[in-house]
Amino acid sequence: MSLIAIENLSAGYGEIGVLFDVSMRVEAGEVVSIIGANGAGKSSLLKAMSGLIRPTAGTITFNGENITQLPADEIVERGLVHVPEGRRLFSLMTVYENLEMGAFSKHAQKDFKKNLEDVHKLFPRLAERGKQLAGTLSGGEQQMVAIGRGIMSSPKVMMFDEPSLGLAPVLKKDIFAAVKRIAVEYGTTIVLVEQDVMNSLAISDRAYVMEQGQIVIEGTAQELLKDPHIKEAYLGV
Ligand code: ATP
């Protein structure tokens, strides 16, 4: 049984459909990328999985349970945690207070101390800057807090929406390395939405390519790196 199974999912905003008949699977422990151009529907797919938009058709099964119509907080409670695009920090709160905000679910409260240690091990900078207001951090540091806040929720699966967006190349590398460490060291399953196709395939087991709200290609990261359409459309080679 797959950890996540999405079958024939459609969703949108009001009258406007943006996801059409999407099917995808994620196995426990995998790193799976979703790649595609601006507006392809990648963020919307993550939003549907985390209960932020309501599917109009299809099902999402997590850990054997149908979660298609569950409220967002109950989806987090089950361990499916979304690290949204644009970081969405509380800029007038400190780093530590932002991390605390991730720990609202019951088992996250129980694991608070261990999760905080994990965050500080992954990003020692956040331990040094616990009292700094989040709004005064650099872009890369803010992304560390957004990822750290996700870890504080005791995730089984972390879904990242464009974690490297807007960062300088060296900081991008750090963020991709951190995502990989979360998978390898904590056994967390990862769903990664990215426009940096090369770096995301480099840390992924498998990937799905979305175009206009549909999955058009799927394969192992190795296969996709060799695929002529991917090379031309997404890798610029
Ligand atoms: P990007 O990388 O630019 O974020 P994406 O692949 O994540 O792109 P989505 O953000 O999921 O794509 O957008 C898919 C489509 O849904 C787009 O046409 C977009 O305009 C539309 N859309 C996204 N959010 C909303 C919203 N809140 N209301 C109406 N339409 C929306």
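Values reported hereafter were calculated over all heavy atoms of this structure, with side chains retained and with hydrogens, waters and symmetry mates removed. In each ligand, atom 1 is the first atom listed, and ligand 1 is the first ligand listed.
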Look up atom 19 (C) of ligand 1 and tell me if a protein heavy atom lies less than 4.0 Å from it? no

Go through the side-chain N and O atoms of Asp196 and Ser164 and say whether any donor and acceptor fall under 3.5 Å apart. no

Check Ala178 against Leu122 and note the closest heavy-atom contact, atom names and distance. O-CD1, 4.2 Å

Within a distance under 4.0 Å of any heavy atom of Val18, pick out the atoms of ligand 1 and give their elements. 15 (C), 16 (O), 21 (C)

Under 4.0 Å from a heavy atom of Glu162: give me the atoms of ligand 1 that qualify, with their elements. 2 (O)

Quick check on contacts: which atoms of ligand 1 are under 4.0 angstrom from a heavy atom of Ser44? 9 (P), 11 (O), 13 (O), 14 (C)

For Ala40, atoms of ligand 1 separated by under 4.0 Å from a heavy atom: 5 (P), 6 (O), 12 (O)

Between the side chains of Glu7 and Ser23, is a donor N or O closer than 3.5 angstrom to an acceptor N or O? no

Atom 9 (P) of ligand 1 protein-contacted, heavy-atom criterion under 4.0 angstrom: yes

With a 4.5 Å cut-off on side-chain heavy atoms, are Lys42 and Glu162 touching? yes

Check whether the side chains of Asn66 and Thr59 place a donor and an acceptor atom closer than 3.5 Å, and report yes or no. no

What I'd like to find out is whether the side chain of Tyr234 reaches to under 4.5 Å of the side chain of Leu224, using heavy atoms alone. no

Identify which one of Asp161, Val193, Leu9, Ile60 satisfies the side chain to side chain contact (heavy atoms under 4.5 Å, CB included) criterion when paired with Leu45. Leu9

Sub-4.0 Å atoms of ligand 1 with respect to non-hydrogen atoms of Gln195: 2 (O)

When every non-hydrogen atom of Leu99 is compared with those of Gly148, the smallest separation belongs to CD2-C, 3.5 Å

At what distance is the nearest protein heavy atom to atom 17 (C) of ligand 1, and which residue and atom is it? Gly39 O, 3.9 Å

Below the 3.5 angstrom mark, is there an N/O of Lys47, backbone or side chain, next to an N/O of ligand 1? no

What's the shortest distance from atom 12 (O) of ligand 1 to any protein heavy atom, and which residue and atom give it? Gly41 N, 3.1 Å

Could you tell me, atom by atom, which parts of ligand 1 come under 4.0 Å of a heavy atom of Ser43? 4 (O), 5 (P), 7 (O), 10 (O), 11 (O)

Please state which protein non-hydrogen atom is closest to atom 3 (O) of ligand 1 and give its distance, to 0.1 Å? Asn38 OD1, 2.8 Å

Identity and distance of the protein heavy atom lying nearest atom 23 (C) of ligand 1: Tyr13 CE1, 3.5 Å

Measure the shortest side-chain to side-chain distance between Asn199 and Lys173 over non-hydrogen atoms and say whether it is less than 4.5 angstrom. yes

Is Arg78 salt-bridged to Glu74, cutoff N-O under 4.0 Å? yes

Ligand 1 atoms nearer than 4.0 angstrom to some heavy atom of Glu85 are 4 (O)

Run the numbers for me: atoms of ligand 1, each under 4.0 Å from some heavy atom of Ala37, listed by number. 6 (O)

